[in-house]
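Reading through the structure tokens given below for one structure.
Worth knowing before you read on, the calculation uses all heavy atoms, side chains too, and leaves out hydrogens, waters and symmetry mates. Per chain, numbering begins at 1; letters A, B, ... match sequence-line order.
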Amino acid sequence: MATKMHKTPMLDQLESGPWPSFVTGLKRLATDEGKPYADMMKDLLGQLETSYTTRKGYWKGGTVGVVGYGGGVIPRFTELHDENKKPLFPKAAEFHTLRIMPPAGMHYTTDIMRKFCDVWDKYGSGLIAFHGQSGDIMFQGCTTDNVQPAFDELNEMGFDLGGAGPAVRTGMSCVGAARCEHSCANEQKIHRTLVNRFLDDMHRPALPYKFKFKVSGCPNDCMNSIQRADLATIGTWRDDMKVDQAEVKNFVNAKGRKYVIDNVITRCPTQALSLNDDDTLAVDNKNCVRCMHCINVMTKALSPGDDKGVTLLVGGKRTLKIGDLMGTVVVPFMKLDTDEDYEALEELAGNMIDFFAENALEHERTGEMIERIGLVNFLEGIGLEIDPNMITNPRMNPYVRTDGWDEEAQKWFERKAG
Amino acid sequence: MSAPRMPIESGVPDPFPYMHPTLKKNFGQWKYHDRPRPGVLHHVAKSGEEVWTVRAGTQRQMDTYTIRKLMDIADQFADGYVRFTIRSNIEYMVTDQKKVQPLIDKLQAEGFPVGGTGNSVSMISHTQGWLHCDIPGTDASGAVKALMDELYHEFTHEEMPNRVRMTTSCCQINCGGQGDIAINIQHTKPPKINHDLVANVCERPSVVARCPVAAIRPAMVNGKPSLEVDEKKCICCGACFPPCPPMQINDPEHSKLAIWVGGKNSNARSKPTFHKLVAAGIPNNPPRWPEAAAVVKNILGAYKKDAKDYERMNEWIDRIGWPRFFELTGLPFTKYHIDNWRGGRVNLNASAHIRF
């Protein structure tokens, strides 16, 4: 029996208004008679309209994958059945997602995008999300039988499945050096170095829980890495920021002194800026914390310095279970220029993942593990030295045993001397 | 039978074959940028080469017709290359300034709003909701579509004191992430347990371990091994639902929306911050969620009117104080705003700093 268009009075109300409507897109696919996805999308609209009416979700997970991998496909089976346990919307009873990793920085040619469309018209629903919150291309809506051939074609095109479940997850990096003057790092290289080094931990999920890498080229952190990544890599610099005094004068001349004082000078979080009498800028670089504000405002006059590298933070995650956690600085600065530098980063990330695999409880993220065992135990476990850049302030309670004080103080002086 | 095809474990693809030639050529060699108008970034390389980026909003969940239409536009105006932002906006890179306005005209004619740059309200980050998630309390794409219809002007103009980054989440995991304004599901009743299914579906010890407040314990119910919830302790977070679907947390009436403000990911000026609860008990009301939209517009209106240039939502509230925030927005201040979770005392005012 041919599948009919279901009435969707709730969803229809999302077709009006100026913002592009995904409902119009779903209907376009559903009414594309003769195409393999048309009936699936008719029934998908039926199930979604049911959710809008009852305010309940009707998907359950399961086990669907591709040969050779243990993750990367998100299985979805309908929970809407009639009294004989037959699906109410049979053509959309299987509606799995393939998570596919995009090129680092989410660059595409129109050619590859059309090829994605061709594959998904043939095997899937015709619905693709750019992108999921983990940074995957989400090929949404596929029967169990079509998952393997769809993946095979995408894989032959040079694309690989991303992460799902307790695994290294798909990473993200900003546009960075490709189009941003703030870039202090080779974001795409860091992203690919880290994720591609741990593909086994991505494709064969065996960690306590997920582990995410995100890379931002400067402290503006456009990838939200501090709050969303188990290992955040953020570009920065350690020499003086660059000031083009002629452009500073032009900016002051164009915007006025009051504007510059109110919006640049007094907005510096450490009062490291001062406007000179001749409308040039004085910078106290020792007290600049690389927040990026003045550089964001005065893009022509100010820019990061030349001695670039990255800051690493560990342990960011979202709410469940113990509450939102931000990443914590574990490496204030490291250079990333030579092959050896990149190898050191890979090794450090490997130590972190190994320590996480050994020490985290089931379903515990790195940040939660650090909260449970303390940062010092984590640092000792992965072989990193402590640094005062790791703290906002020293402890505020005396509940600590300090009989190793002299030795620890000695270590500090030795490290400083070294 | 032939051996099955094994995957080519190629990982993250090299972006350079997919990158606009001008970006590739000037990789790491950009000098400065400015914003000629909302929705357009103008980058100048040290080589003197220039590129104009035109940013447009999309519905994120796109049918292949929409994608092909966007690609036709890229072929016509942008040398056959595009990229996407973290917030699902599409970007076209143009090296000929004369093509910028025709590209904008074309995108607008095809129904794609040009904006999302600078001090605008950019696209709301969101996940799947009822369309694809197995645990959602609400829809994502629909709520975002309804809200972006309301915020269209703010996407296409740069009239806010600073950028506004919004998020939505369909459960308390908060996949949408931190935002200047976040619209998240907040359950208000403990899970309803189907005791007939728990023993067969759920690994009971790991469900017990998931609970943030240790409110779940193993129990025999009607002669079957199951789980029970201490409803006095339960904080209705829904953490037990994903590992144990018979502990149904979603409720058409009692799963409400809560609105949070002041989350910030950037390090610019102030350190990154988490968002804070300002409103709850908002009905989860598809298809257009008008009650949530009204609260969001109210908060945005107060911020737009009262904040100084470059103050993000959290920085504005830091300056004016929370009493004034509740006064300006007219939102009620309740006992639920006072944090009693672990470490919550740092959120209390331990000073004589009071604004009168």
Residue Thr85(B) versus chain A: region with a heavy atom under 4.5 Å: backbone

Contact origin within Met41(A) toward chain B - heavy atom pairs under 4.5 Å: neither

Structural part of Arg165(B) lying under 4.5 Å from a heavy atom of chain A: neither

Tyr152(B) portion near chain A, given a 4.5 angstrom heavy-atom threshold: side chain

Proximity of Tyr81(B) and His107(A) rings by center, below 6.0 Å: no

Geometric cation-pi criterion Arg28(A) and Tyr65(B), 6.0 Å radius, 45° cone: yes

Heavy-atom contact with chain B under 4.5 Å, split by part of Lys35(A): side chain

4.5 Å side-chain heavy-atom contact, Tyr92(B) and Leu107(B): yes

Portion of Cys222(A) that has a non-hydrogen atom of chain B nearer than 4.5 angstrom: backbone

Contact class of Pro243(B) relative to chain A, heavy atoms under 4.5 angstrom: neither

Any donor-acceptor N/O pair, Glu49(A) side chain to Leu11(A) backbone, under 3.5 Å: yes

Region of Lys264(B) in contact with chain A, defined by heavy-atom distances below 4.5 Å: backbone

Side chain / backbone / both / neither for Glu91(B) at chain A, heavy atoms under 4.5 Å: side chain

Tyr58(A) versus chain B, the contacting section by heavy-atom distance below 4.5 Å: neither

Ring centers of Phe155(B), Trp19(A) separated by less than 6.0 Å: yes

For residues 292-301 of chain A, dump all side-chain donor-acceptor pairs below 3.5 Å to protein atoms at least two apart in sequence or in another chain.
unit_1: His293(A); atom_1: ND1; unit_2: Arg269(B); atom_2: NH1; d: 2.8
unit_1: His293(A); atom_1: NE2; unit_2: Asn263(A); atom_2: O; d: 2.7
unit_1: Asn296(A); atom_1: OD1; unit_2: His182(A); atom_2: NE2; d: 3.4
unit_1: Asn296(A); atom_1: OD1; unit_2: Asn220(A); atom_2: ND2; d: 2.8
unit_1: Asn296(A); atom_1: ND2; unit_2: Asn220(A); atom_2: OD1; d: 2.8
unit_1: Asn296(A); atom_1: ND2; unit_2: Met292(A); atom_2: O; d: 3.3
unit_1: Thr299(A); atom_1: OG1; unit_2: His33(B); atom_2: O; d: 2.7

Contact origin within Pro245(B) toward chain A - heavy atom pairs under 4.5 Å: neither

Proximal component of Gln248(B), with respect to chain A [non-hydrogen, under 4.5 Å]: neither

Test item: side-chain donor near acceptor, Gln188(A) and Asn186(A), under 3.5 Å: yes

Which atoms of Leu48(A) approach chain B - backbone, side chain, both or neither, heavy atom under 4.5 Å: side chain

Polar side-chain atom of Ser88(B) near backbone of Phe130(A) as donor-acceptor pair, under 3.5 Å: yes

Per-residue contact mode, Asp79(B) against chain A (heavy atom under 4.5 angstrom): neither

Heavy-atom proximity to chain A below 4.5 Å, by part of Val51(B): side chain

Side-chain donor/acceptor of Glu364(A) to backbone N/O of Leu361(A), under 3.5 Å: yes

Salt bridge flag under 4.0 Å for residues Arg288(B) and Asp149(B): yes

Atom group of Lys60(A) that falls short of 4.5 Å from chain B, counting heavy atoms: backbone

Region of Gln47(A) that comes under 4.5 Å of a non-hydrogen atom in chain B: neither

Proximal component of Val67(A), with respect to chain B [non-hydrogen, under 4.5 Å]: both

Exercise: do Arg35(B) and His42(B) side chains pair donor with acceptor under 3.5 Å: no

Exercise: do Gln133(A) and Arg228(A) side chains pair donor with acceptor under 3.5 Å: yes

Test of ring centre spacing under 6.0 Å for Trp120(A) and Phe151(A): no

Heavy-atom side-chain proximity of Glu371(A) to Ile322(A) below 4.5 angstrom: yes

side-chain hydrogen bond (donor to acceptor under 3.5 Å, both in side chains) partners for Asn155(A), two or more places apart: Arg5(B)

Asn26(B) portion near chain A, given a 4.5 angstrom heavy-atom threshold: backbone

Contact winner vs chain A - Gly137(B), Ala268(B), Gly238(B), heavy-atom pairs under 4.5 Å: Ala268(B)

Engaged part of Phe77(A) at the chain B interface, taking heavy atoms whose separation is under 4.5 Å: neither

Contacting region of Glu362(A) [heavy-atom separation from chain B under 4.5 Å]: side chain

Contact origin within Trp130(B) toward chain A - heavy atom pairs under 4.5 Å: both

Which portion of Ala209(B) sits near chain A, non-hydrogen atoms under 4.5 angstrom: backbone

Note, Lys69(B) side chain near Phe112(B) side chain (heavy atom, < 4.5 Å): yes

Engaged part of Thr50(A) at the chain B interface, taking heavy atoms whose separation is under 4.5 Å: neither

Proximal component of Thr54(A), with respect to chain B [non-hydrogen, under 4.5 Å]: backbone

Which portion of Ser125(B) sits near chain A, non-hydrogen atoms under 4.5 angstrom: both

Contacting moiety of Pro9(A), where chain B heavy atoms sit under 4.5 Å: neither

